[in-house]
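The next block holds one structure in the form of structure tokens; read it before the comments.
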Protein chains: 2
Amino acid sequence: MDNTSLPRRQRERLRHRQEIMDAALRLFSERGYHNVSMQEIADKSEFSIGSLYKFFKNKEDLYRAMVLDRAYVFRDTLMKAIERPGDAVDRMKNYIRAKGEVFAANISMVRLYLEVTSGSRFNLKAGFDEEIQGIYEDFMDRFASVFSEGIEKGLFHASDPYYMALAVEGLTNAFLFLWAEKPERHPYDKIIPFIEHILLEGILTGKARQRILGESGYKAPGS
Amino acid sequence: MDNTSLPRRQRERLRHRQEIMDAALRLFSERGYHNVSMQEIADKSEFSIGSLYKFFKNKEDLYRAMVLDRAYVFRDTLMKAIERPGDAVDRMKNYIRAKGEVFAANISMVRLYLEVTSGSRFNLKAGFDEEIQGIYEDFMDRFASVFSEGIEKGLFHASDPYYMALAVEGLTNAFLFLWAEKPERHPYDKIIPFIEHILLEGILTGKARQRILGESGYKAPGS
DNA sequence: AATATGTTTGAATAATAATTCATAGATTAT
DNA sequence: ATAATCTATGAATTATTATTCAAACATATT
């Protein structure tokens, strides 16, 4: 990560490149791709417009590089979280917590994450995000395997592990967006137990479960 | 809704306005606000550029009107769904199903919905979506009250009803986005039982529940 | 210290697309 | 049938912003 081996000139170049991407991240995440001009990125990063074009082919290329950069940070963090030792339940909990931490570390990523996982496929030229899409999908597959394991061990009901992963994804997203809007009002820390509880036990009371569902429980659909 | 009372001239005007918004919806939802030109909307709607400006102050105003229009359709459908008779569990299930139906009825709304509930606050001028935001929040409050009722009746664990509503929101979104990408591969119909099951009972098996959580169960956080 | 190589600059250019407006066409009223 | 009113048109204007490029500056090499 820290390119200590390279000649100074190149090291500087990389640092400059990174500075531009950092400025761009902040601007794009606040106002979106089309509402940020190259001029503004130049100003914020304290380079000239011309320089931006030395580092990046064009505006879209800059955006793409920046998003990709962050996607890897994001993916690595979450990957580490679900790879830490423990059973499937632990790993799932690690994911929920780690995701909150990456987001908190850089709140502008909430917005980017949204664009990347659902939004931007529509916004830029088609094919833009194949690589990003790939990163996301690889991760989800790995995450799904956590649930496969949980099922094998008899921890989880036997339904589609990918859907289980997606459920965690969707649930955490919802609360992270809420938190991103009103961080003081909805601290993610406080919400984690709630998320975990829903995922693990659902919202029904024991009494209701018996009344509504009978003792029998759930016939897994799909798988 | 059908303005049968108005003079013909005005009725036509309204219809034309709607036609423009319909064309705009399709284009915007496929390619996003900034990648659609007024010229294209004019072509698609079979009006001239000049006419667009007779109906709408400017491009943003057109977008806004169109989104608002759909937001109301959306809200009304979901509101009706959770207002149908039944207990809290039924109402929640109604919501899950109805949401799938509105989306299916117009798949382009998936994209819009995303922009409206999470994305676009960043994309257009600040203050753009106060009204839309309001529609969404009103609905969520109403939806939360379904869970309040469920708690009172002893159906649900006593935790924050708004969070419960948001959990359903987040979970359904995740699966609807999945469905929107690969409708054949992930038909929402088939996924509904899975969503319901997670929400109601969670993913843990009975055995695991006892092992991991003990008999005691859950101390509701927040509320 | 002169030359070569690499880097930065920002005014000038080019491309795109929003908006205006004078004109033409329809419809209704007299 | 004519005038008055309302509606639609799209070429011309204006605004914005991405991109280029020739010149200046900096650093390394001989």
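So that the names make sense, note that chain A is the first sequence line, chain B the second, and so on, each numbered from 1.
- Taking the six-membered ring for Trp and the full ring otherwise, B:F194 and B:F175 have centroids separated by under 6.0 Å.
- Each end of the helix from C:dA1-D:dT30 to C:dT30-D:dA1 gets its own axis from five base pairs, and the two axes differ in direction by 10°, given to 10 degrees.
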Q.
Counting primed atoms plus P, OP1 and OP2 as sugar-phosphate and everything else as base, spell out the protein contacts along nucleotides 7-19 of chain D at 4.0 Å heavy-atom distance: B, S or - for each nucleotide, 5' to 3'.
A. SSBB-------SB
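- Under a 3.5 Å cut-off, the side chain of A:E149 and the backbone N or O of A:V146 do not form any donor-acceptor pair.
- You can see that DNA chain C meets the heavy atoms of chain B within a 4.0 Å-exclusive cut from C:dA18 to C:dT28, reading 5' to 3'.
- A cation-pi arrangement, defined by a distance under 6.0 Å to the six-membered ring centre and an angle within 45 degrees of its axis, is present between B:R13 and B:F55.
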Q: Begin with the C-alpha distance, continue with both residues' side-chain angles, and end with the deciding distance and a verdict on side chain to side chain contact (heavy atoms under 4.5 Å, CB included) for A:I135 and A:L68.
A: CA-CA 9 Å; A:I135 295 173; A:L68 215 49; 4.1 Å; yes
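- You'll find the ring centres of B:Y163 and A:H186 inside the 6.0 Å limit.
- A donor-acceptor pair under 3.5 Å is formed between the side chain of B:D61 and the backbone N or O of B:K57.
- The ring of A:Y136 has its center no closer than 6.0 angstrom to the ring center of A:F143.
- For the residue pair A:K59 and A:Y63, no side-chain donor N or O sits within less than 3.5 Å of a side-chain acceptor on the partner.
- In summary, the side chains of A:N173 and A:K99 do present a donor paired with an acceptor at a separation below 3.5 Å, with no hydrogens or angles considered.
- Checked by atom type, the side-chain pair A:S48/A:S51 shows a donor-acceptor distance below 3.5 Å.
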